[in-house]
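Okay, so here's the structure we're looking at.
From a predicted model like this one, the values you see are computed outputs, not experimental measurements. In listed order, ligands and their atoms are each counted from 1.
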Amino acid sequence: MTKEERLERKRREIEELATGWGKLLAQQVCPEGVGLDMDLFMMEEIAVTASKALVRGTIETLTGSQAETLGTEHPCPSCGQSCVLEQRGRSIQVRGGSAELNEPVAYCSTCRRDFFPSASRVED
Ligand SMILES: [Zn+2]
């Protein structure tokens, strides 16, 4: 299986999973069924609100997991000295709105600078 085929398979899995969540969401939002007063625009608003929250939750979870993978120390990219990693919370804008990240950051006392070892770091 090529890389493209694996990516396509993963994309289909994600879509199937999210389609199931959409069905659950519809049941949760309208447990008594859908009244005739709800139009397609309102249905779409429910789905868009949920999808934006899904983007934020996914980004926060994946970046948090990535941050944990980095451990508690990281070598300075300039001098190589091992520095203690700390988590610094910050808000970033993603397609679903504002996401709260715990971003790993370290201070190198030799170089007297902060550095951010996360590969997925968003530039300021
Ligand atoms: Zn350094």
For residues 93-102, which side-chain donor-acceptor pairs fall under 3.5 Å, sequence neighbours excluded?
| residue | atom | partner | partner atom | Å |
| --- | --- | --- | --- | --- |
| Ser98 | OG | Ser91 | OG | 2.6 |
| Glu100 | OE2 | Ser91 | OG | 3.2 |

Hey, can you pull the donor-acceptor pairs under 3.5 Å for the side chains in residues 35-46, sequence neighbours left out?
| residue | atom | partner | partner atom | Å |
| --- | --- | --- | --- | --- |
| Asp39 | OD1 | Phe41 | N | 3.3 |
| Asp39 | OD1 | Met42 | N | 2.9 |

Solution key, residues 15-32 side-chain donor-acceptor pairs under 3.5 Å, sequence neighbours excluded:
| residue | atom | partner | partner atom | Å |
| --- | --- | --- | --- | --- |
| Glu15 | OE1 | Arg11 | NH1 | 3.1 |
| Glu15 | OE2 | Arg11 | NH1 | 2.6 |
| Thr19 | OG1 | Glu15 | O | 2.7 |

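Between Arg9 and Glu5 there is no salt bridge, since no side-chain nitrogen of the basic residue lies less than 4.0 Å from a carboxylate oxygen of the acidic one.
For the Zn ion (ligand 1), the count of nearby protein N, O or S atoms, meaning those under 2.8 Å away, is 4.
A heavy-atom distance below 4.5 Å is found between the side chains of Arg90 and Ile92.
Annotation: Gln81, atom CD; neighbour count of heavy atoms from other residues, nucleotides and ligands within 6.0 Å is above 12.
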